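What follows is a set of notes on a single structure, which appears directly below.
Naming convention: chains lettered A, B, ... in sequence-line order (proteins, then strands); numbering from 1 in each chain. None of these values were measured; they are calculated from a predicted model.
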4 protein chains.
Amino acid sequence: MLLPELRQIVCELHAELPKNSLVAWTSGNISGRDPETGLVVIKPSGVTFAELTPENMVVVDIDGKIVEGDYKASSDTASHCYIYRHMPDVNGIVHTHSRYATAFATLGREIPCVTTAMSDEFGGPIPCGGFALIGGEEIGQVVVETIKDHRSPSCLLQSHGVFATGPSAEKAVKAAVMTEDNAAIVWTALQMGTPLTIDPADIDKLYDRYQNVYGQ
Amino acid sequence: MLLPELRQIVCELHAELPKNSLVAWTSGNISGRDPETGLVVIKPSGVTFAELTPENMVVVDIDGKIVEGDYKASSDTASHCYIYRHMPDVNGIVHTHSRYATAFATLGREIPCVTTAMSDEFGGPIPCGGFALIGGEEIGQVVVETIKDHRSPSCLLQSHGVFATGPSAEKAVKAAVMTEDNAAIVWTALQMGTPLTIDPADIDKLYDRYQNVYGQ
Amino acid sequence: MLLPELRQIVCELHAELPKNSLVAWTSGNISGRDPETGLVVIKPSGVTFAELTPENMVVVDIDGKIVEGDYKASSDTASHCYIYRHMPDVNGIVHTHSRYATAFATLGREIPCVTTAMSDEFGGPIPCGGFALIGGEEIGQVVVETIKDHRSPSCLLQSHGVFATGPSAEKAVKAAVMTEDNAAIVWTALQMGTPLTIDPADIDKLYDRYQNVYGQ
Amino acid sequence: MLLPELRQIVCELHAELPKNSLVAWTSGNISGRDPETGLVVIKPSGVTFAELTPENMVVVDIDGKIVEGDYKASSDTASHCYIYRHMPDVNGIVHTHSRYATAFATLGREIPCVTTAMSDEFGGPIPCGGFALIGGEEIGQVVVETIKDHRSPSCLLQSHGVFATGPSAEKAVKAAVMTEDNAAIVWTALQMGTPLTIDPADIDKLYDRYQNVYGQ
C-alpha cells in the first residue's frame, strides 16, 4: 500500500473536523501531498467520518487520476489538485462548510482582521472568492486566485464555504479551525456594533512574531 | 421477534439525534418501513434516548395498528403512517424540534436556498407547511401536501418543527441533520444582511450532480 | 445513612445539568423530597459536579435544618424548602443560570408560548418573577408567587436564572431542560422577526393531550 | 524535577479550557505560582492541549527566566510574571480568546454587571483594558492597571481576549469560565433589548455573601 504514514495522518486529521464542529454528516474533506512522490492522499466521496480508515483513503496523482484506492475520490479532488499544481509550498488542504465562515461566504464578505489572533495567524482579512460550481477544478482556480495576494492561508468561497491550505495537512486543519473560530468571534462582535480596527503596523508586527517566534 | 435488523437500525439511528444536537430530552422520533412486509418500526412514546433498545421499538402496520411491542408507539405514529401510505418511495421518516429550523417554523418561513450544500441536498428551499395538531394524521397530511411539489425531502411545520423523509431511515436522518445545519448557516447569515442568491440554473446543476455523481 | 436511594437519584441527576449545557462550573443545584419522611436531599454548596457523590449530598428537614451531612447545604436551601412547604405536589426542584432563559430573565421578560413543544410541556408562557436576594427564602417566595397562577412548572427570576419544579426530581430536571430548549428556540426566532401566535384553544388541546396521553 | 505537584495541577487545569469551550487549537494558557519558592509553572508555547504533560510544563522565575524545562515558555510569560510581581495575592493566571468575552473586547467594551452570578463572582462589571502588543510585558501592565480599581479578578484586553487571575490557578480558571459564561448571557440579552440594572447596594450584598458565606 502506498504512503501508509500519510494515509494514517490524513485519516486521523478528519476526526478533528467533527471534534471542532466544522462539519455535519459527510461534508468536508482533507488532503495531504507527499513532497517526495508528489502523490496526494484524499478522502473518499460521501463516506461518513466514523467509517474512514487509512485503507479507504484514496491516492491520486497531481492531475487527480486515481493511483490506488477502491473508492471514488472526493468530489473536490480536481480542485485540490489544481491548488497543489499552482502552489508548490502547499502540502495540505482542508474544505469545510463551517457555520460562521460560511455565513460570511453567503454574503460574499471577507472576514475583517479585528483580533490579535487573526493578525497572528492570517496577517490580515480572510478574503472571499467568487462563485464556482462543484466537481471540476473551477473551485481550485478561485482559491488560487483569491489567496495569492494575501497572507491568509485560507479563503471563503461565495455561497459555499471555506478552503484552508498549509505546508502540511495538520497546518491546514489548524487554519480551518482558526478561520471558523475568528469568523465566530467577529460575527458575535458585529451583533453588538462595529469592532475597533487594529493599526496595520501592529497587524504586521503580530504576524511577524507569530510566524517567526511563536511555538517550538 | 419481527424485523430484528430494522429494529436495530432504527434504534441506533436515534443516537444520532442527540449526537447531532437535534433533540432535547425525549423529543423527536424516527421510523423505518420494511419494503417487503410494509411494516413500520417506530420509537416508543416518551422514552428517553438512553433507554431505547431494539427490543422496545414498536412495530406497527401501515395503518398505525400495533403488530408487536410492549410499549405505546410515538404520538406521531398516525402521521408517519399517513406519509408512508401516500409516498411509496419513502422508507424512513425523522421528526425533530431542532433549534434553528424550528425558529424558521415559528415564523412560518421557508429556509431559502442560499448555499451550495442546500442546492446539493435539497435542490431549492426547504418549505414550511401550515399548523396542525399532534396525535392524529393531520401532521402527515401537511407534510405530504408541503413536500409533494418540492425536491426537498424535508419540510418545516408551522410553530412546531421538522419532518424529514428518505428512501431509508438513514437517509432521512441525514436530511434532518442537513436541514438543521443549513437552517443555522442561513440564520447566521441573516443576522449580517441579505445572503446572495444562487442562479436557479446553478442550483439545478448542483442538485443533479449531487444526486447522480456524489458518493460511492 | 438516610435515604440512600434518593441520594443516588439526586446525585446522578446533577450530571444531566452539565450534559444538557445548563450550568457552568459549580452553579446550579437540584433537590428531591422524600414523600414519606418529608426530608429533602440537596447539593452541598460550592462543590464541583465531578466531585458529587451520593454520600456528600446533604439531607435537611422541611425547614432547612441539616439532618445528615458533612457539608454545608446549597445557598438556595431555604428557598427550596419554602417551595416544598407551600407546594405539596412538588417533590423535585432544579435551579440553573442556563444561558437563553437567563437572558430573558435579565430583561424581566416571560418566554412566550409560540411552539407546540412549549404548549405540550408548559401549557402557556414561562413567567418571570421579580428580583430577590440569595441566601434566604425570598427566592422561594417569588417562585411560589409566580407559578401559582400558571400551568408552567418553571419560572424565571429577574436578573438571576431559572427555578423548575416537578412531582419528582427527574421531572423537574426535564422541566429545566425544556425551559432552556424553548428559550433558545424563541430567542433564535425573535432575531428574525415576530413568531406567529398559537390559538389559545390549540394550546389547551396540546397541553391536555401531552399531560394525559403522551408517554407510557 | 522542580514543583511536581504544581506541574500536575497546572497541566490538568489546561484540560478545563477546551472542556469549557474557552479555546481553539493551541490558543490560551495557564500559569501557577508556588507561594514558597516564588517560581512559576507555565504552558510551553504552541503545544496542543492533548500533548501537554506535567513534564513538558516550563518552570520560570519571577522575571520570566527559564529555571527548568526543555520547551520555550508561552509567548505571554513576561506578562504573567509582570502580574505576579505586582499582585502578591495572585497565584494563578489564565489567558483565553473565549468567543463572547473576546467579542466585547473587539469593541473595547466592558461586560456590564446585570446578573446575580456576575454580582457574586465579580462584584461589578468586568472591565476592558487598552490595546497592547504580544510578546513582552505590556499586556501584564494593562492587566494590572485595569483590574487594580475593580473587584473583578478578570479583565478584557482590547481586540485580544481575556486575562483572569486568582489566589490559585484553579480559582483563576473558574474566573475565566465565569467570565465567558456571563459574557454569553449578557450578549444574548443585548440582542433582545437592554438588560435591567441591579441596585448597586444589592450587588454589594451578593458579592459579600458569595465571597464570605458560599462554599465549604
**Item:** Portion of Leu190(D) that has a non-hydrogen atom of chain A nearer than 4.5 angstrom
**Value:** side chain
**Fill in**
Cut-off 4.5 Å, heavy atoms of chain D, and the answer for Met178(A) is side chain
**Fill in**
If one checks every heavy atom of Ile198(A) against chain D at 4.5 Å, the contacting part turns out to be side chain
Tabulate, with distances rounded to 0.1 Å, every donor-acceptor pair spanning chain D and chain A at under 3.5 Å.
residue   : atom : partner   : partner atom : Å
Thr116(A) : N    : Ser159(D) : O            : 2.9
Thr188(A) : O    : Trp187(D) : NE1          : 3.0
Leu196(A) : N    : Thr106(D) : O            : 2.8
Arg209(A) : NH1  : Ser75(D)  : OG           : 3.0
Val213(A) : O    : Lys72(D)  : NZ           : 2.3
Tyr214(A) : OH   : Thr26(D)  : OG1          : 3.0
Gly215(A) : N    : Ser45(D)  : OG           : 2.9
Gly215(A) : O    : Lys72(D)  : NZ           : 2.8
Gln216(A) : OE1  : Lys72(D)  : N            : 2.8
Gln216(A) : NE2  : Ser45(D)  : O            : 2.9
Gln216(A) : NE2  : Lys72(D)  : O            : 3.1

**Prompt:** Checking Pro44(D) against chain A: side chain, backbone, both or neither under 4.5 Å from a heavy atom?
**Reply:** both
**Prompt:** What's the shortest heavy-atom distance between Ala189(A) and Ala103(D), and which atoms?
**Reply:** N-CB, 3.7 Å
**Prompt:** Taking Val213(A), Ile185(A), Val186(A) one by one, which has the highest count of heavy-atom pairs under 4.5 Å against chain D?
**Reply:** Ile185(A)
